[in-house]
Amino acid sequence: MSRFSKDQGKKETPEISTASLPDIIFMLLFFFMVVTVMRETNPILRIKLPQATELTKIQYKEAVSYILIGTPVDVATHGDAPRIQLNDSYSTVDRVQTFIKKAYSETPPALQGQFTVSLKVDQDVTMGIVTDVKQELRKADALKINYAANKRSDDIQ
């Protein structure tokens with residue numbers, strides 16, 4: 001009967017090996033470093049891009065400066081009128097020229113011939129503010145303009 005006694009049933013549990021834990025953590029860290037995309041600017045405007053069929057990709061993204069036009073995300077504080085975003089803050093039309101000249105001067109000299117201004121404009125924004133921005137771009141001698149759009153799927157046509 002000593003075979004079924006309670007004292008012999010208690011065996012010490014073996015320790016869990018943690019030798020592979022640093023490898024697993026390193027693999028997770030490496031995975032997130034590869035997959036994560038860094039955001040260029042914080043979105044403070046709500047922008048729903050229009051759809052288009054004839055799209056081309058910008059080749060030299062180092063030579064692109066972005067101007068966003070849309071309605072503020074925080075409507076209670078900033079209202080619902082269309083606003084301009086330059087970098088991470090709200091701006092006015094008269095500051096566009098200074099912004100573009102500074103962005104052009106920071107562009108590498110080899111790419112200054114490819115300097116492009118990309119306008120990300122909400123599809124519901126009226127053309128008045130867009131025309132004002134385009135006039136300021138003309139004054140800043142930034143004549144290469146790109147309108148951002150999403151690709152239209154074939155079933156919508």
Side-chain angles (χ1 to χ4, degrees), residues 18-157:
T18 58
S20 61
L21 193 58
D23 294 338
I24 293 170
I25 290 172
F26 180 74
M27 283 188 342
L28 285 173
L29 179 66
F30 185 73
F31 172 76
F32 286 115
M33 287 174 56
V34 170
V35 173
T36 303
V37 175
M38 300 300 283
R39 214 175 255 263
E40 293 177 10
T41 58
N42 292 327
I44 56 176
L45 296 177
R46 183 175 302 129
I47 296 175
K48 184 177 179 186
L49 294 177
Q51 296 183 345
T53 56
E54 303 296 325
L55 300 176
T56 57
K57 286 192 172 188
I58 298 172
Q59 289 184 337
Y60 305 104
K61 291 199 174 192
E62 300 88 15
V64 177
S65 183
Y66 295 95
I67 296 176
L68 288 79
I69 303 172
T71 55
V73 172
D74 189 11
V75 176
T77 307
H78 300 288
D80 60 349
R83 305 280 304 261
I84 299 170
Q85 179 181 350
L86 302 175
N87 289 332
D88 286 337
S89 63
Y90 294 114
S91 185
T92 57
V93 173
D94 48 327
R95 293 177 61 195
V96 169
Q97 192 173 355
T98 307
F99 172 75
I100 292 301
K101 286 183 177 178
K102 182 180 176 194
Y104 182 77
S105 66
E106 293 173 353
T107 304
L111 297 175
Q112 286 185 346
Q114 302 294 325
F115 184 76
T116 306
V117 177
S118 180
L119 294 175
K120 292 186 176 183
V121 182
D122 186 72
Q123 65 181 6
D124 297 328
V125 169
T126 59
M127 282 301 291
I129 192 168
V130 177
T131 303
D132 293 342
V133 169
K134 286 173 55 180
Q135 292 295 329
E136 290 298 315
L137 293 175
R138 187 174 294 155
K139 291 177 187 173
D141 205 25
L143 303 177
K144 195 171 182 180
I145 299 173
N146 175 1
Y147 290 96
N150 291 327
K151 185 171 183 160
R152 177 184 289 180
S153 63
D154 292 337
D155 49 325
I156 292 176
Q157 297 176 356

I84 and V93, any side-chain heavy atoms less than 4.5 Å apart: yes
Is any side-chain heavy atom of L119 closer than 4.5 Å to one of I67? yes
Apply side-chain contact (heavy atoms from CB on, under 4.5 Å) to L111 and list each qualifying residue two or more places apart in sequence or on a separate chain. Y60, E62, A63, T107, P108
Taking only residues two or more places apart in sequence or in another chain, which ones pass side-chain hydrogen bond (donor to acceptor under 3.5 Å, both in side chains) with S118? none
How would you list all residue pairs meeting ring-ring contact (aromatic ring centres under 6.0 Å, His included) that involve residues 102-134, not counting sequence neighbours? Y104-F115
Nearest atoms (heavy-atom pairs only) where V117 meets A142: CG2-CB, 4.0 Å
Taken to the nearest 0.5 Å, the spacing of L68 CG from N87 CG works out to 10.0 Å
Non-neighbouring partners of M33 that pass side-chain contact (heavy atoms from CB on, under 4.5 Å), sequence neighbours left out: L29
Would a distance-only check, ignoring hydrogens and angles, find a side-chain to backbone donor-acceptor pair under 3.5 Å from D122 to K48? yes
Could I get the full list of side-chain hydrogen bond (donor to acceptor under 3.5 Å, both in side chains) partners for D74, not counting sequence neighbours? T77
All heavy atoms of A140 vs all of K101, minimum pair found to be CA-CE, 4.1 Å
S20 meets the side-chain hydrogen bond (donor to acceptor under 3.5 Å, both in side chains) criterion, sequence neighbours left out, with none
Which residues satisfy the side-chain contact (heavy atoms from CB on, under 4.5 Å) test with T98, sequence neighbours excluded? none
I'd like to check the ring pair (Phe, Tyr, Trp, His ring centres under 6.0 Å) partners of Y90; sequence neighbours left out, ordered by chain and number. H78
Closest approach of S65 and I100, non-hydrogen atoms and distance? OG-CD1, 4.0 Å
Testing the basics here: between P50 and A148, what is the closest heavy-atom pair and its distance to 0.1 Å? CD-O, 4.1 Å
Between T116 (side chain) and Q114 (backbone), is there a donor-acceptor pair under 3.5 Å? yes
All side-chain contact (heavy atoms from CB on, under 4.5 Å) counterparts of V75, not counting sequence neighbours: R46, D80
Does NZ in K144 sit with more than 12 non-hydrogen atoms of other residues, nucleotides or ligands closer than 6.0 Å? yes
Shortest non-hydrogen pair, Q85 vs L45, comes out as CB-CD1, 3.5 Å
Donor-acceptor list for residues 123-138 side chains, cut-off 3.5 Å, not counting sequence neighbours:
from, atom 1, to, atom 2, distance (Å)
T131, OG1, M127, O, 2.8
K134, NZ, Y147, OH, 3.4
E136, OE2, K139, NZ, 3.3

